[in-house]
Amino acid sequence: MVVLHYTAMQSAEDAICLLCDPEREVSAHYLIARDGVVTQMVDEAARAWHAGAGRWAGCDDINSRSIGIELDNDGFSPFSAPLMDALEDLLSAILCRWDIPMHHVIAHSDLAPLRKGDPGARFDWCRLALGGLSVWPSEAQEQPLNDSLQALGYSVAEFGVEACLNAFRLRFAPWRQGAVTVADQRDAASLAARFAVDPWVGTS
């Protein structure tokens, strides 16, 4: 997998200092600054401590199965054009090197919907999907939301359908609120029909 984060800090330099501080016990493979400069901090073949507690597609050891990319963003502002350009280049190379399918490029909020919201509502997932680097909904018939979310990799049984729906909306429809809508059901069903994931085994 590739997991995308935002730094929620004022500068890339501050974030790099934090990620390289052994006492903080947090790290990531890459950080992309707002000006597009890419800093690699951990070898792609090594584990970085970026995901924390969570679950995706039955896997609860995300750090061992993912590359973490931190994006220099305060969590409220738009993501800069140079940052997005650099991210597209980096993602394209990573997916090719490791044969990672585009539906395994996920948000931190996807795997930990009860405690994380990054990379947040301002991140342009549609742009990544248009470049073949992630996924985006299309037209489909609705089906039970729980089934679709579970097929996509959300851990509905562990986190609950409300938390998983909130994470799904944060990524694909951050303007929606309240009760489940037909649009939620159709969006989730369209993705599940094309990108259902096979659960990892032996990960508990």
Can you measure from CG (Leu95) to CG (Leu90) and round to the nearest 0.5 angstrom?
9.0 Å

Nearest heavy-atom neighbours spanning Val197 and Ala57:
CG2-CB, 3.5 Å

Indicate yes or no: does Asp74 engage Arg122 in a salt bridge with an N to O separation below 4.0 Å.
no

Does the side-chain contact (heavy atoms from CB on, under 4.5 Å) test come out yes or no for Ile94 and Arg97, once each step is laid out?
CA-CA 5 Å; Ile94 290 172; Arg97 276 195 293 272; 3.6 Å; yes

Calculate, to the nearest 0.5 Å, the distance between atoms CD and CG belonging to Glu88 and Asp124 respectively.
8.5 Å

Rounded to the nearest 0.5 Å, how far apart are CE of Met9 and CD of Glu70?
10.0 Å

Over all atoms of both residues, closest heavy-atom pair of Phe168 and Leu152:
CE1-CD1, 3.9 Å

If you measure from CD on Glu158 to CG on Leu114, what distance do you get to the nearest 0.5 Å?
8.0 Å

Out of Ile69, Thr7, Asp72, which residue meets the side-chain contact (heavy atoms from CB on, under 4.5 Å) rule with Ile32?
Ile69

For Leu170 against Gly117, the heavy-atom pair lying closest together
CD2-O, 3.2 Å

Can you tell me how far OG of Ser134 sits from CG of Leu4, rounded to the nearest 0.5 angstrom?
7.5 Å

From Phe123, Tyr154, Trp136, residue fulfilling ring-ring contact (aromatic ring centres under 6.0 Å, His included) relative to Phe172
Trp136

For salt bridge (charged side-chain N to carboxylate O under 4.0 Å, His left out), just list the numbers for Arg127 and Asp85, CA-CA rounded to whole Å, side-chain angles, deciding distance to a tenth of an Å, and then say yes or no.
CA-CA 10 Å; Arg127 171 175 169 166; Asp85 291 342; 2.5 Å; yes

Test side-chain contact (heavy atoms from CB on, under 4.5 Å) applied to Ile100 and Met1, step by step
CA-CA 7 Å; Ile100 299 173; Met1 291 172 274; 5.8 Å; no

Do the side chains of Arg169 and Asp187 get close enough for a salt bridge, i.e. N-O under 4.0 angstrom?
no

Strictly by modelled atom types, are Ser64 and Arg47 linked by a side-chain donor-acceptor pair under 3.5 Å?
yes

Apply side-chain contact (heavy atoms from CB on, under 4.5 Å) to residues Cys17 and Asp21 and explain how you reach the verdict.
CA-CA 6 Å; Cys17 287; Asp21 182 353; over 6 Å; no

Closest heavy-atom pair, Ser66 versus Val3, reported as atoms and distance to 0.1 Å, is CB-CG2, 4.0 Å

Do the side chain of Asp110 and the main chain of Ala107 share a donor and acceptor less than 3.5 angstrom apart?
yes

Donor + acceptor pair across side chains of Trp98, Glu44 (<3.5 Å)
yes

For the residue pair Leu133 and Val105, establish whether any side-chain heavy-atom pair is separated by less than 4.5 Å.
no

Is it possible for you to say whether Leu19 and Ile67 belong to one hydrophobic cluster, with membership spreading through side-chain heavy-atom contacts below 4.5 Å?
no

When you measure from the side chain of Ser190 to the backbone N and O of Ser138, does any donor-acceptor pair fall under 3.5 Å?
yes

Do you know which two heavy atoms are closest between Ala51 and Arg115, and how far apart they sit?
O-NH2, 3.0 Å

When rounded to the nearest 0.5 angstrom, what is the spacing between NE2 in His108 and CH2 in Trp56?
12.5 Å

Is there a path of hydrophobic side-chain contacts, each under 4.5 Å between heavy atoms of I/L/V/M/F/W/Y residues, joining Val38 to Leu87?
yes

Side chains of His5 and His50: donor-acceptor distance under 3.5 Å anywhere?
yes

Shared hydrophobic cluster for Leu71 and Val26 (ILVMFWY, side-chain gaps under 4.5 Å):
no

Whether Ser109 side chain and Lys116 backbone form a donor-acceptor pair below 3.5 Å
no

Start with the C-alpha distance between Arg186 and Glu139, add both sets of side-chain angles, then the distance that settles salt bridge (charged side-chain N to carboxylate O under 4.0 Å, His left out), and finish with yes or no.
CA-CA 7 Å; Arg186 287 178 176 171; Glu139 291 296 322; 5.4 Å; no

So for atom CD, which belongs to Glu162, do other residues, nucleotides or ligands contribute more than 12 heavy atoms lying within a distance under 6.0 Å?
no

CA sep, side-chain torsions, deciding dist, call: Ser80, Asp35, side-chain contact (heavy atoms from CB on, under 4.5 Å):
CA-CA 8 Å; Ser80 70; Asp35 60 4; over 6 Å; no

Minimum heavy-atom distance Met41-Tyr30, with the two atoms named:
CE-C, 3.8 Å

Using atom types as modelled and distance alone, determine if a side-chain donor or acceptor of His29 lies under 3.5 Å from a backbone N or O of Ala46.
yes

Please say whether more than 12 non-hydrogen atoms of neighbouring residues, nucleotides or ligands are located less than 6.0 Å from CZ in Arg24.
no

Decide whether Phe159 and Leu165 are clustered together by the hydrophobic rule: side chain heavy atoms of Ile, Leu, Val, Met, Phe, Trp, Tyr closer than 4.5 Å, transitively.
no

Between Thr181 and Asp184, is the side-chain hydrogen bond (donor to acceptor under 3.5 Å, both in side chains) condition met? List the steps.
CA-CA 5 Å; Thr181 67; Asp184 292 321; 3.1 Å; yes

Where the side chain of Gln185 meets the backbone of Leu145, is there a donor-acceptor pair that is under 3.5 Å apart?
no

